[in-house]
Amino acid sequence: MARGFTKSILSYLVAISIVVWILAPILLSLLSAFIRVEYYYGGSSIIPLSPQAYTLDNIRLLLILGAHSALIRSFQVGVIVVILSVILGIPAGYALGRFILRGGGTVKLIILSFRLIPVALITVPIAKLLLTVGLYDSVVGLALVHTALALPFVILITANIFASIPKDLEEAGLVFGMSRFQVLLRITAPLALPGITASALFAFLISWNEVFAASVLTLTERTLPAFVISALGGGTRGVAPDPFKFAAILFLVLPAILIMAYIRRYLIVMWGATR
Amino acid sequence: MVVNVTLDRVTKRFGSVVAVRDVSIRVGRGELVVILGPSGCGKTTTLRMIAGLERPDGGRIFFDDLDVTDVPANKRDVAMVFQSYAIWPHMTVYDNIALPLKLRKIREDEIKRRVREAAELLKIDHLLNRHPHQLSGGERQRVAVARAIAFSPKVLLMDEPLSNLDALLRLHARAEIKRLQRKLNMTTVYVTHDQIEAMVLADRIVVMNKGVVQQVGPPDEVYNKPANIFVAEFIGTPPMNLFKAKVEDEALVAGDLKLEIPEHSSKVFESLRGKTVVVGIRPEHIHLDEKLTDLDSVQLEGTIELVENLGSEEVVHVRVGDVLLKAKHPGRLATREGLVKMYINIRNLHVFDPEEGIRVM
């Protein structure tokens, strides 16, 4: 009894330390996005207590510099990525998940192996390719490249989602009078939909967070991460005040956190842990 | 309207494996036929071919006179209770039962009536608004049966519907299925590996092994006159005692074990004289300590090795030379060890050909 109690106290302590270790820097940087530059550098404590120390000016400045249109562009790219990877990924995932394909395991491995090639290595050839077809420095061009990056994951995730739907449920549909199409519509789709939504959001996140290809493949049509890098990192040789950088982090991290919070419960199924 | 089902020399291969070979079965209108066999014997594949979920590679399937071999599952008007129940998890119990009827374009008030009727029959009318994940295993099983019954199919198919229930619930559900099938008079094909389930439920049993039908007959016939060694061993608990013996002039001999042939029945064994056979005797046909006065009965003596107490009866392991016999003894045996006398009525012996395994007597 006493031992179990000590044990549970210990495990709580470990859990709390891990949470603090991860959460504290994130919260601190999000908070710092709202601290006035003069308080940030002149203040005596990391977290100023006076209300005058907090402002929306950092975010306003970032928007003036062009974060606004970069944000919209990031969304545009992300939405195109989601649409393309879902349209292409669902049929492929269904075929793999339902074992319609012979040697499905090998196919999965080949699909995944495309992600073994570092993006940095193929970005320059891709840039050349996009220049030839006239898609360099465009939302569509970048979206195509991001789709290529996200698609393997979408295929593997949807394959696992379809594999996790018992075949019996579909066969019961057939026996009780449904055509194959009705089975897809009334049984398979509703059961797969939450997982597919999650995988689509995952594809969105991959595009949202991707910075290398975005920096190389665009000049003026920058997505948010590329914009942040060029405006606050490379562009200013790193001398931009920290609160501005934290404000940029806020822009980058907030959608990611919201999406992750939603797809959290599907992550386990998505990676096939339940099989 | 229910139909009779005929399978005519149906064969199914998966790659190079023959899962079902030349199976011919006839199920009469309102009859309950149980397909019984060990796992991998082809019984579920046979059922799935009747459902239309598998296409046979050879042979035809008929519902009455209609050849349905090429009719897809959704046009066959059969209902199936799956081993996993296959209740659709994203629908309420009501919708699970009602959806197949909606697809048939039945009037709304008629659907309501039939769902209610089936739900009352299976005592799940209080669960109609629940989702499957809120139900226990037994309740899910009832929903699956209700869905099948409300469909009023031409044929009702059941694939080990009780195997996921715990022992007590299974006994209860078994009786209930029998009662429902009688009441609704549905043509039913029921698949199981549980021989007791088959004995209790079936009008006729089809015993299958390795894709081949071994015997078809009413439970009594399959039990009392097994067509071959496989059926003899598969049905009955504990299984039938089987041992090789030589038919000599006045006895069946297996090492130290000598079963004298009473003069009265010596004619029966005449044709087998000099041959080696496999002799079978059911445990309940070996009587311990109670002398049979019948003309056909013979006496044996052996050593008790083990007594298994089953409460109402005991299973006694008795060794005679190289042969270990299991005898079922009602009540408690007086002697628990040492020598014991056994009495066997020679007419209760089953005799099989040792090579082919088929019954010769």
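Below, chains carry the letters A, B, ... as their sequence lines are ordered, and counting in each starts from 1.
- Side-chain contact, B:Thr69 with B:Asp67: a donor N or O sits under 3.5 Å from an acceptor N or O.
- Both the backbone and the side chain of A:Ile187 come within less than 4.5 Å of a heavy atom in chain B.
- Residue contact with chain A, scored on non-hydrogen atoms closer than 4.5 Å, is absent for B:Leu101.
- For chain B, the option among A:Pro166, A:Pro190, A:Ala172, A:Gly173 with the highest count of heavy-atom pairs below 4.5 Å is A:Ala172.
- Only the side chain of B:Arg48 comes within contact range of chain A, with at least one heavy atom under 4.5 Å from a heavy atom of that chain.
- Defined by atom type and a distance below 3.5 Å, a donor-acceptor pair is present between the side-chain atoms of B:Arg26 and B:Thr6.
- Looking at B:Thr11 and B:Asp57, their side chains never bring a donor and an acceptor atom within 3.5 Å of each other.
- Using modelled atom types, one finds a donor on one side chain and an acceptor on the other under 3.5 Å when comparing B:Ser163 with B:Gln83.
- Between B:Thr44 and B:Asp159, the side chains place a donor N or O and an acceptor N or O closer than 3.5 Å (distance only, hydrogens not considered).
- Looking at A:Arg186, the atoms closer than 4.5 Å to chain B (heavy atoms on both sides) sit in the backbone and in the side chain alike.
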